[in-house]
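Report on the following structure.
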There are 2 protein chains.
Amino acid sequence: MLSIVCNNLAMASGKATTVRARVREEMTNEIKIVARQHLGVEGANLSLRAVAREMGMASSALYRYFASRDDLLTALIVDAYNSFGEAAENADDENVQPAQRWIAVAKALRQWALNHPHEYALIFGSPVPGYKAPQDTIGPATRTVKVLGRILAANPPISRPGDEIELPPTLEQPISNIAEMIQAGALSTPAMARALAAWMHILGSISFELFGQLNNTIERREEWFEYQTRVMTQLIGLKSE
Amino acid sequence: MLSIVCNNLAMASGKATTVRARVREEMTNEIKIVARQHLGVEGANLSLRAVAREMGMASSALYRYFASRDDLLTALIVDAYNSFGEAAENADDENVQPAQRWIAVAKALRQWALNHPHEYALIFGSPVPGYKAPQDTIGPATRTVKVLGRILAANPPISRPGDEIELPPTLEQPISNIAEMIQAGALSTPAMARALAAWMHILGSISFELFGQLNNTIERREEWFEYQTRVMTQLIGLKSE
DNA sequence: GATTGTCAAGAGCAGTGCTCTCGATTGTGT
DNA sequence: ACACAATCGAGAGCACTGCTCTTGACAATC
């Protein structure tokens with residue numbers, strides 16, 4: 001039954017190399033799927049042996065596909081980043097007013113986190129002990145912020161009288177570098193800085209809720225999150241309808 | 001040599017019960033200290049056996065003092081919450097202007113997190129897998145926000161024209177409940193809501209930096225954090241200088 | 001058809017949390 | 001002062017973990 005799944009997926013992926021390569025690719029995919037499931041019920045401490053057991057193979061055989069447990073974790077992290085970024089991309093609609101655009105993306109990210117709590121914890125939670133994030137993760141990691149950058153670039157924030165807190169000169173360069181990276185180079189540095197603050201607020205707010213800090217305080221979390229995000233869009237200076 | 005340390009500390013602690021009780025109390029303290037050190041170099045996966053090894057005793061003997069590894073972790077979490085709250089309390093100076101007060105506390109919290117990264121991860125990072133936060137933690141957890149509440153209560157935020165985003169009616173009650181809890185009941189609910197958003201921004205910003213998301217982007221992190229926090233105080237409506 | 005590369009399985013090592021039992025020590029009541 | 005009870009540390013042991021190495025079976029290639 002495994003082979004059937006493998007063949008189907010191999011067909012879908014399109015890469016028509018040798019049969020062996022296709023099977024191998026499908027095996028690694030299967031492993032990641034099972035590992036993701038185990039991550040969902042077990043938490044961050046993923047057991048290779050348990051994954052192997054569920055797949056009906058010896059634990060040692062897993063090492064043909066992933067050099068170590070950290071390697072498997074890295075693969076899951078990359079996938080999580082991509083899935084997170086994809087959620088943002090799908091939620092973004094260019095035909096919507098800027099503030100609503102930002103809020104919609106933020107809500108989609110929160111919903112993704114609620115649907116994939118352990119994968120969210122994998123990328124934005126405390127780093128796993130012996131693990132060092134490899135270079136593979138920085139690409140997919142920028143995918144999400146690029147969506148936000150697109151919103152900012154398309155709708156340059158209105159200047160907000162009274163908000164002119166002088167940006168320290170030493171921060172000018174790094175902030176404008178970030179603006180370049182997310183392809184919103186036209187933004188003023190204070191606007192970019194406020195947008196970054198809003199970004200950190202989004203992640204902080206999601207983490208706060210997901211990691212249990214909101215228990216026994218606020219129950220209407222969706223509304224609370226949306227309200228907060230709307231306040232932050234006003235801080236950024238995004239026009240609202 | 002261990003007994004000497006124990007006696008000294010027992011003298012200091014003052015509780016003059018039986019010798020056995022004092023030694024026991026000091027043993028648990030000693031265990032927590034060693035565990036904290038191991039937490040610092042090893043990360044979240046704390047090894048009871050390693051702690052016991054370092055203390056020169058059998059791993060099974062540890063179970064005389066902590067019923068399980070989770071129990072030891074809980075003790076460390078409670079201590080961390082208290083230490084975190086204490087840092088906030090010490091940083092708060094009533095004779096300072098409101099915005100600067102808020103910023104000073106925020107900076108102190110960030111500094112504490114930088115000095116105790118693993119303890120910070122313990123309380124604000126992803127929850128450890130099989131662990132359920134017991135009731136013991138909610139008391140020390142509110143200690144920090146009460147400091148912020150004190151600042152808000154002593155300096156009711158000025159109303160900010162243009163920021164009147166209607167707070168959803170369903171949020172009125174929970175928000176004012178929070179205001180009550182942190183003893184800032186006089187605050188308006190929108191002001192309280194904005195302060196909460198600022199609080200989540202602080203934690204999000206610290207986590208962002210501490211968990212490595214800021215790598216290769218911003219180097220002047222102290223200035224960056226302070227700038228952001230100042231922006232947020234303006235959002236709250238705290239008077240500056 | 002023989003060779004080469006790939007794969008899964010098993011045994012084994014060092015480590016983990018945790019339980020149980022067994023002496024030894026200490027504290028307390030008579 | 002003595003006996004009883006409570007406490008404590010150590011050791012063995014169980015089931016589990018990540019990981020390595022070796023062995024044998026299979027498939028692709030020349």
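Only heavy atoms go into these numbers, but all of them, side chains included; no hydrogens, no water, no symmetry mates. What you are looking at is a predicted structure, and each value in this text was computed from that prediction instead of being measured. Order of the sequence lines sets the chain letters (A, B, ...), proteins ahead of strands, with each chain counted from 1.
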> Which nucleotide in the set D:dC19, C:dA9, D:dT17 lies at the smallest distance from any side-chain heavy atom of A:Ser47?
Replying inline: D:dT17
> For A:Arg69 and D:dC16, what is the distance between atoms CZ and P respectively, to the nearest whole Å?
Replying inline: 18 Å
> How close or far is atom C1' of C:dT25 from atom CE of B:Met27, stated in whole angstroms?
Replying inline: 14 Å
>> Can you tell me if B:Tyr65 touches the phosphate of D:dC8, counting only side-chain N or O atoms and a distance under 4.0 Å to OP1 or OP2?
In response: no
> Does a distance-only test, which skips hydrogens and angles, find a donor-acceptor pair under 3.5 Å between the side chain of B:Arg49 and the base of C:dG15?
Replying inline: no
> If we only count heavy atoms from C-beta on, is the B:Tyr120 to B:Leu203 side-chain gap below 4.5 Å?
Replying inline: yes
>> When you compare the side chain of B:Leu196 with that of A:Trp224, does any pair of heavy atoms fall below 4.5 Å?
In response: yes
> With respect to the phosphate group of D:dC8, does any side-chain polar atom (N or O) of B:Arg24 fall under 4.0 Å of OP1 or OP2?
Replying inline: yes
> Rounding to a whole Å, what distance do you find between B:Ile31:CD1 and C:dG17:P?
Replying inline: 13 Å
> How many Å lie between CG on A:Leu62 and C1' on C:dA9, as a whole number?
Replying inline: 12 Å
>> Of the options C:dC7, C:dT16, C:dC18, whose atoms approach the side-chain atoms of A:Arg64 most closely?
In response: C:dC7
> Roughly, in whole Å, what's the span from CG in A:Asn45 to C1' in C:dT16?
Replying inline: 12 Å
>> Just checking A:Phe124 against A:Phe84, ring centres under 6.0 Å apart?
In response: yes
> Between A:Arg53 and A:Ser60, who's closer to the 5' end of DNA chain D by nearest nucleotide?
Replying inline: A:Arg53
>> Quick check on B:Asn216: does its CG atom have over 12 non-hydrogen neighbours (other residues, nucleotides or ligands) under 6.0 Å away?
In response: no
